[in-house]
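The analysis underlying the following values was restricted to heavy atoms, covering all of them including side chains, and did not include hydrogens, waters or symmetry mates. First the proteins, then the strands, lettered A, B, ... as listed; each starts at 1.
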Amino acid sequence: MKIPLKKPVLVTSALPYVNGECHIGHLRTYVPADIYVRVLRKMGYDVVFISGSDTHGTPIVLSAEAQGITPQAVVEKYHQHFKRMFQALNVNFDYYGRTDSESNHRRTEEIVKKLIDNGYVYKKETKQAFCNTCGRFLPDRYVEGKCPYCGAIARGDECDQGCGKHLEPGEIIEPRCKICGSEADFKEQEQFYFKLSAFADFLISYLDHLGGTLNARNYAKEWTRKELRDWCVTRNLEWGVKFPGRGDLVVYVWVDAPIGYISFTEDLIKEKGEDEKEWRKYWKENKATIVHFIGTDIIYHHCIFWPAMLKGAGYSLPDAVVASGMVKIDGKTFSKSRGNVVWATEFLERFHPDTLRYYLVAQSSHTKELDFSWDSFYTRVNHELVAILGNLVHRVVSFTYKNFGAVPEGDIEEEVFAQIELTREEVISAMEEYEFKKLVDAVMKLAYFGNSFFQREEPWHLIKEGEKGRERCGGIVKNVLQIIKAVCILMEAVMPDKMAEVWSQLGMESDVHSVMLDELMMPIKSGQTLKKPKKLFERVEV
RNA sequence: GCCGGGGUGGCCUAGUUGGUUAGGGCGCUGCACUCAUAAUGCAGAGGUCACGGGUCCGAACCCCGUCCCCGGCACCA
C-alpha cells in the first residue's frame, strides 16, 4: 500500500499480554514493525510508533493467585521485562504504555458509553458457570466437562478434542472448574453484549478497502460471509476497567486492549507537551494513516471487532493491518509447557540483537510461518552476515585504512550508481508490500555486488603499480566505499547498531539513524578519515 | 466437515494479470584470487514445476477431477 506523504502515519504494534516472558514469537511482529517505521522515516514520512502492555483479563488474575501476589505485581514485573527487551532489541517505540493506565480507563469508559448511547451494547441474561469452591464465575475456557453431542471431554465453549462443535454457555454436561477441579454449576447472570451483527454490511465494504497483508483481509472476509454473532463484552472480574454503572463487572480485555492504541497516542501527545486535542487528528478526524502490526492469531479482533467498535463509537478507522505468520521451532508449534520455545533473554545472552533482527526478517516471507532452528540461524549469520556483509566491510575498510587512511579521490561510476538506485527501488517496493525479506535480500545483493566489483578490479594489484595504479586503485576503493555507505543507509532499519558501527568506521560525521534515503546518491567525501577497522560480526559455532 | 494457504532439482525458496533456454540461496564439483573472519570471485552439474484430464499458437501460472501437507473455525492475549 502506498501511503500518502502529506499525512502523518501512526504505526502500532500488537500489545503483548504481560503474564509471561518475551519470546521470539513476539519479536516476529515487533521487529518488522520497527523496521517499517525506520524505513518510512528515511523516506521522509512523519511517523509515530506506539505499543504497550495488555494488562487485564483472567489469565493474569489466575497467574497472580497462583503466585500469591496481586495482578498489579504480575503486570508490573512483565511490563518492565518487555520494556527492557524492546530496548535491548532496539525496537524504539515513541510511546510504550499499559492498558491499566488512568488514561486508558477513561478512554475505554468514554467509548463504551458512546456505544451504549448509540444502541450497540445491550443487556442479556446468560448462564454462567460458577465454581462454589473458588467462589467465582468461570470464563468458558476454564470450564471442563462432557460434550453433549459426542461425549468427549470438552471445554466450556468448544468440543476441542472431539467433534469440534461450538458450545453455547450452559450446554456442557457435568461442568467442572478447570482451576480447582471441583464441580461447577450454572447460574443466571446479567452480561452486556456488543451488537456486532449490526456491522456486517459496514465490514464487508470496509474490508474491501483495507490495506496491509492479504492474509489479514482474507481471514476477516471469511468471517463476514458467515453470521456475525454478538460479543459478550463484560466479565465477572475485579481486575479491569469497570463497566459503566456496574461495580460487579469489568469490560472484556479485547475491548480495552485495542483502545490502548488511542490512549497511548493521547499520552504521547501529552508527554510531548503538544495541544491535548492533537490526538484527535489521528483518531477522530481521519487526518492520519493508521497501520496495525499484529500476528495472525489476532486478525479477528483487529479486522472485525475493532473496526466495528471504532465505527460504532465514531472514531477513525485503521487503514492497514499487517499480520505476521506464527513462529515454529524445528517444525513444531510453540509450546511453553513442552519447553519448545526460544526466550528473548536466552538469545540475547549469547548473540547480538541485530543478528536476531536480521534473522527474523531474512528467514521467511512476513505472512508465512517462520520455522526457527539454530542450524538455520548459524547458516544465516556465518554465510550472510559474516561472509558477505561483514567481510565486504572489513576487507574494504582494512584495505583503504592501510593504503590510504582516508577516502581516496575518484568519481562514482555509473554502474555503481545504477546498482544503488535499483536497490533503493527494491527496498521501497518491499515496504509497500510489507515484505521485509525482500528488503534484506535486495541489500544483501548490493553487498554481493560490492564483493564482486572489488574482486573483479583487483585493487591489491593496482596499488603496487606506481602512481597511475595507485590513482586507479583509489577510484575503485572509493566506489566500493560508496556501496558500503549505501548498504549502511538501507540496512540501518534492520541492524541499527551494526550499521552505526560501520558508519563510524567510514568516518561519517552524521547520524546513520536519521540520514535520509536521498543521501544514497551523494558521493562519499574524499579525504574523510577512516576509523581503525574492526570485525563487524563474529562467526558462531554449532 | 467448512474455509484459507501450500505441494517447484538433496534441502529452503522466487515466480504480481499464461509468452523466449523455470530465477535465487544452502549443499556439491572445478578454477581463480590473497585485500579480508579458510572469508571472496568466476564457472558448472542437478528440476517430467504433486498426479490425471481440459482450454490455448503457447500453462508452474487458467478450468475440472484426484492425492498429500499446514493453519483457522469466534469470545482464546
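Candidate nucleotides B:C42, B:C75, B:A39 were compared by shortest atom distance to the side chain of A:Y448, and B:C42 ranks first.
Residues passing the salt bridge (Lys or Arg N to Asp or Glu O under 4.0 Å) test with A:K485, sequence neighbours excluded: A:E519. Remark: A:A216 engages A:T213, A:I299, A:C303, A:V321, A:A323 in a side-chain contact (heavy atoms from CB on, under 4.5 Å) (not counting sequence neighbours). Partners of A:F192 under the ring-ring contact (aromatic ring centres under 6.0 Å, His included) rule, at least two apart in sequence or in another chain, are A:F243. Applying the side-chain contact (heavy atoms from CB on, under 4.5 Å) test to A:E415 and every residue at least two apart in sequence or in another chain returns A:E413, A:F449, A:F453, A:R456. Residues passing the ring-ring contact (aromatic ring centres under 6.0 Å, His included) test with A:F454 are A:F399, A:W460, sequence neighbours excluded. A:V18 is linked by a side-chain contact (heavy atoms from CB on, under 4.5 Å) to A:S53, A:T55, A:I60, A:V75, A:Y78, A:F82, counting only residues two or more places apart in sequence or in another chain. Partners of A:H209 under the side-chain contact (heavy atoms from CB on, under 4.5 Å) rule, at least two apart in sequence or in another chain, do not exist in this structure. Scanning for salt bridge (Lys or Arg N to Asp or Glu O under 4.0 Å) contacts around A:E425 gives an empty result, with sequence neighbours left out.
Distance A:I304 CD1 to B:C76 P: 18 Å, rounded to the nearest Å. One atom, OH of A:Y252, and another, C1' of B:C75, lie 4 Å apart when rounded to the nearest Å. Rounded to an integer number of Å, the gap from A:W223 CH2 to B:C2 P is 16 Å. Spacing between atom CG of A:N215 and atom P of B:G5 amounts to 10 Å, rounded to whole angstrom units. Atom-to-atom, CD1 of A:I299 to P of B:G72 comes out at 11 Å; the value is rounded to the nearest Å.
Sorted by first then second residue, the salt bridge (Lys or Arg N to Asp or Glu O under 4.0 Å) pairs that include residues 72-83 of chain A, not counting sequence neighbours, are A:E76-A:R98.
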Give each protein N/O atom lying under 3.5 Å from an N/O atom of nucleotides 26-30 of chain B, with the pair distance.
residue: B:G27; atom: OP1; partner: A:H383; partner atom: NE2; Å: 3.3

Set out, line by line, the N/O atom pairs under 3.5 Å between protein and nucleotides 10-18 of chain B.
residue: B:A14; atom: OP1; partner: A:K368; partner atom: NZ; Å: 2.9

Please tabulate the protein-to-nucleotide N/O contacts below 3.5 Å involving nucleotides 32-35 of chain B, giving atom names and distances.
residue: B:U34; atom: OP1; partner: A:H461; partner atom: NE2; Å: 2.8
residue: B:C35; atom: O2'; partner: A:R395; partner atom: O; Å: 3.4
residue: B:C35; atom: O2; partner: A:R395; partner atom: NE; Å: 3.2
residue: B:C35; atom: N3; partner: A:R395; partner atom: NE; Å: 3.3
residue: B:C35; atom: N3; partner: A:R395; partner atom: NH2; Å: 2.7
residue: B:C35; atom: N4; partner: A:R395; partner atom: NH2; Å: 3.0

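With both ends at atom C1', the span from B:U13 to B:G6 equals 13 Å, rounded to whole Å.
If you check B:U40 for Watson-Crick or wobble pairing at under 3.5 angstrom, you find it paired to B:A32.
When only modelled atom types and interatomic distance are considered, A:H56 and A:D100 share no side-chain donor-acceptor pair under 3.5 Å. At a cut-off of 3.5 Å, with distance as the only test, a side-chain donor of A:E384 or A:Y358 sits close to an acceptor on the other residue.
Taking 3.5 Å as the limit, the base of B:A77 and the side chain of A:N19 contain no donor-acceptor pair of atoms between them.
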